[in-house]
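Report on one structure; see the data block that follows.
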Amino acid sequence: MSTRLEQVAQQKLDSLNRIRTSGIDPYPGSYHPSHSTEEAMTLFIQAKTESQVSLAGRIIAKRSMGKMTFLDIRDGSGKMQLCFRQGSLEKERYDFLNELDIGDFIGAEGILFRTKRGEITLQVSNFNILCKSLRPLPEKWHGLVNVEKRYRQRYLDLISNKNVRTIFIIRSQIITMIRTFLNDRGFMEVETPMLQAQAGGALACPFITHHNTLNNDLYLRIALELYLKRLLIGGFDRVYEIGRVFRNEGISVKHNPEFTLMECYQAYADYNDMMQLVEDMFSQLATKILGTSKISIGDKTIELSSPWQRITLRDAIKEHCNLDFEDYPDTASLRLRMEQMGLEVDPNKGRGRLIDELVSSFVEPHLIEATFLLDYPVDMSPLAKKKHGSNNLVERFEGFINGMEIANAFTELNDPIDQRQRFEKQAEEQDLEGETEVSDEDFLSALEYGMPPTGGLGIGIDRLIMLLTGQNSIREVILFPQLKTKATSSSKQSEIEDD
RNA sequence: GGGCCGUUAGCUCAGUUGGCAGAGCACCUGACUUUUAAUCAGGGUGUCGUGGGUUCGACCCCCACACGGCCUACCA
């Protein structure tokens, strides 16, 4: 007894063997089509005379009518109907069509014509199999719907669902546009270590790994910040990196353990310049991708062109929580006030984390329109420069769209003494919160050589792509999102062996 | 971590107070020289997520587990 899948696989294997027996290589080395299907379409429409072309692609439909067969093939650019007529091919070649199934790749040459129904079609005079497929593709009409299978076998999702394919094409275009945008402004793209002795630049739980030869533990980076700043110290005035960072935290529709971050740093600039940069970048991206600077999410329309709304963090919390954090200058008093408001307060959290909790719970959900929250407390921003004339606020903003944090920027702290004190204070609070991390001496000593005044910006690329493609789950814009590894019989076996 | 929902043929989905497991597509055989979700005639099909339990009898009821989705929690 065998399953349907096994029976189909056997049928395809039988076909493969018949092909081999007949002396044909079912997996030839190369085939060089003269045109893509899209180019062939254009050629036919523009050319007055009959055009001889060769095409290659995957068979996605087969309609046989006895002595005449139509195949639809698809390549990276589009699709084309192929017409095979017994009168135009040797009988042996025509009969070979029996060995071609949906899913196989073929190359075909012939002359383009238009059918009675008006479809541009290739009249095939010769063809070759380029790859024999051994598994059936998902159903043609409904496509692949099973979400788990779509993520685990994304190639099937891409074959079946054109809108999925489009999302990832747009993703690629957006990232190219960001590079062009920054390059045009004199930024230089760089690459910095993903394996780091210390995971700094953000407060997040890192992944830990081990280098065997060096015999020391290393961390996968959680941010790009501290190495990019070293490059400003080194004399590159405008640098950026678009790269993967890794955070060992929860998975949700807005979080994947590895995600793509863009950080850029501009010497002699401050957070106001970064705000302008964000406004320019986002409105330009939207205009190029969508043809308008407005994005539609559900029934909401959000304008991305300059200027975005600006509100200080203090005023935003006042408005949504009826609480002025300046009235509560220390952790204890703020915690007391929050408890009086009926909130459950984590006793290990410091003042910065408490304020952050107020923001994410009460303020963020209301920031639908493109909004900059300005001027954060120093407690929650150890790498940002203090606001001129203030001892407890820093020049920092976060950008929000549709209730989602999308950008984070500050005027970078370049006072090495202040930076050392911030690290020390942060270390104290982390001890209270049960985390331990030593300050980054290597970064501090770099800073002591002198870093120019600098504006820095970070943008979550995946979330930006969600906005511009109208997706509400980050997994829809990451080709292979993180899923739990399914135990296979062999891995179960190895677990037993490990025990 | 908690809650709710889901898991049936390769794919998309039905199904039953608890009484032989169903359809469309795909696949196989046959017919067909302008089809295009081709059509027509015929055909095959399954660990009903996994493991227990209740029952004369479980895809269905109960328990546990796995995986996924959404919500929530966590999250610089």
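Numbered from 1 within each chain, the chains take letters A, B, ... in sequence-line order. Here the structure is a predicted model, which means the values were calculated and not measured.
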From [options], nucleotide with atom closest to [X] side chain:
| X | options | result |
| --- | --- | --- |
| Ile102(A) | A76(B), U34(B), C27(B) | C27(B) |
| Lys67(A) | U45(B), U12(B), U33(B) | U33(B) |
| Val253(A) | C71(B), A26(B), C74(B) | C71(B) |
| His255(A) | U12(B), C74(B), A76(B) | C74(B) |
| Asn146(A) | A76(B), U12(B), C32(B) | U12(B) |
| Lys116(A) | A73(B), G10(B), U34(B) | U34(B) |
| Glu148(A) | G68(B), G46(B), C11(B) | G68(B) |
| Ser473(A) | G44(B), C70(B), G10(B) | C70(B) |
| Leu483(A) | U35(B), C28(B), G69(B) | G69(B) |
| Met65(A) | C32(B), C11(B), A76(B) | C32(B) |

Separation of [N] [atom2] from [X] [atom1] (nearest whole Å):
| X | N | atom1 | atom2 | value |
| --- | --- | --- | --- | --- |
| Asp72(A) | U35(B) | CG | C1' | 9 Å |
| Leu144(A) | C25(B) | CG | C1' | 14 Å |
| Asp101(A) | G10(B) | CG | P | 17 Å |
| Ile355(A) | C75(B) | CD1 | C1' | 17 Å |
| Glu139(A) | C11(B) | CD | P | 11 Å |
| Ile59(A) | C27(B) | CD1 | P | 11 Å |
| Asn248(A) | C75(B) | CG | P | 14 Å |
| Leu226(A) | A76(B) | CG | P | 16 Å |

>> Testing Gln11(A), Gln10(A), Arg18(A) one by one against Asp14(A) for a side-chain hydrogen bond (donor to acceptor under 3.5 Å, both in side chains), which residue passes?
In response: Gln10(A)
When you check the phosphate oxygens OP1 and OP2 of [N], does a side-chain N or O of [X] lie under 4.0 Å from one of them?
| X | N | answer |
| --- | --- | --- |
| Arg85(A) | U33(B) | no |
| Lys140(A) | A37(B) | no |
| Arg152(A) | G68(B) | yes |
| Arg353(A) | C75(B) | yes |
| Arg475(A) | C70(B) | yes |
| Lys149(A) | C11(B) | yes |

> Considering the options Glu412(A), Lys385(A), Glu395(A), which one meets the side-chain contact (heavy atoms from CB on, under 4.5 Å) requirement together with Tyr271(A)?
Replying inline: Glu395(A)
Integer angstrom distance from the [atom1] of [N] to that of [M]:
| N | M | atom1 | value |
| --- | --- | --- | --- |
| G46(B) | A21(B) | C1' | 8 Å |
| G49(B) | C56(B) | P | 25 Å |
| C48(B) | C60(B) | P | 10 Å |
| A26(B) | G19(B) | P | 33 Å |
| A9(B) | G22(B) | C1' | 10 Å |
| U16(B) | G6(B) | P | 15 Å |
| G43(B) | A23(B) | C1' | 16 Å |
| C5(B) | C62(B) | P | 11 Å |

> Is it true that atom NZ of Lys484(A) has more than 12 heavy atoms of other residues, nucleotides or ligands lying nearer than 6.0 Å?
Replying inline: no
>> If I compare all heavy atoms of Ala407(A) with all of Val278(A), which pair ends up nearest, and what's the gap?
In response: CB-CG2, 4.5 Å
> Which atoms form the tightest heavy-atom contact between Leu224(A) and Leu261(A), and what is the distance?
Replying inline: CD1-O, 3.7 Å
> With a 3.5 Å cut-off and just heavy-atom distances, do the side chain of Gln81(A) and the base of U35(B) make a donor-acceptor pair?
Replying inline: yes
Name the nucleic acid region contacted by [X], choosing base, sugar-phosphate or nothing; use a 4.0 angstrom heavy-atom cut-off, strictly under.
| X | answer |
| --- | --- |
| Tyr376(A) | nothing |
| Gly352(A) | nothing |
| Ser64(A) | base |
| Gln11(A) | sugar-phosphate |

Residue list, side-chain contact (heavy atoms from CB on, under 4.5 Å) with [X], at least two apart or on another chain:
| X | result |
| --- | --- |
| Asn408(A) | Arg396(A), Glu398(A), Glu405(A), Phe410(A) |
| Arg114(A) | Phe44(A), Ile120(A) |
| Lys67(A) | Gln86(A) |
| Asp75(A) | Ser36(A), Thr37(A), Ser77(A) |

>> Does the plane of the ring in His320(A) sit parallel, tilted or perpendicular to the ring in His366(A)? Use 30° and 60° as the thresholds.
In response: parallel
>> Judged by each residue's nearest nucleotide on RNA chain B, which is more toward the 5′ side, Lys62(A) or Asn472(A)?
In response: Lys62(A)
>> Please compare Lys12(A) and Arg396(A) by the position of their nearest nucleotide in RNA chain B and report the one closer to 5'.
In response: Lys12(A)
>> Once pairs are restricted to Watson-Crick or G-U wobble with both distances under 3.5 Å, how does RNA chain B read as a dot-bracket string, [ ] for crossings and | for other-strand pairs?
In response: (((((((..((((.....[..)))).(((((.......))))).....(((((..]....))))))))))))....
> Can you name the residues that form a side chain to side chain donor-acceptor pair (under 3.5 Å) with Asp442(A), not counting sequence neighbours?
Replying inline: Arg230(A)
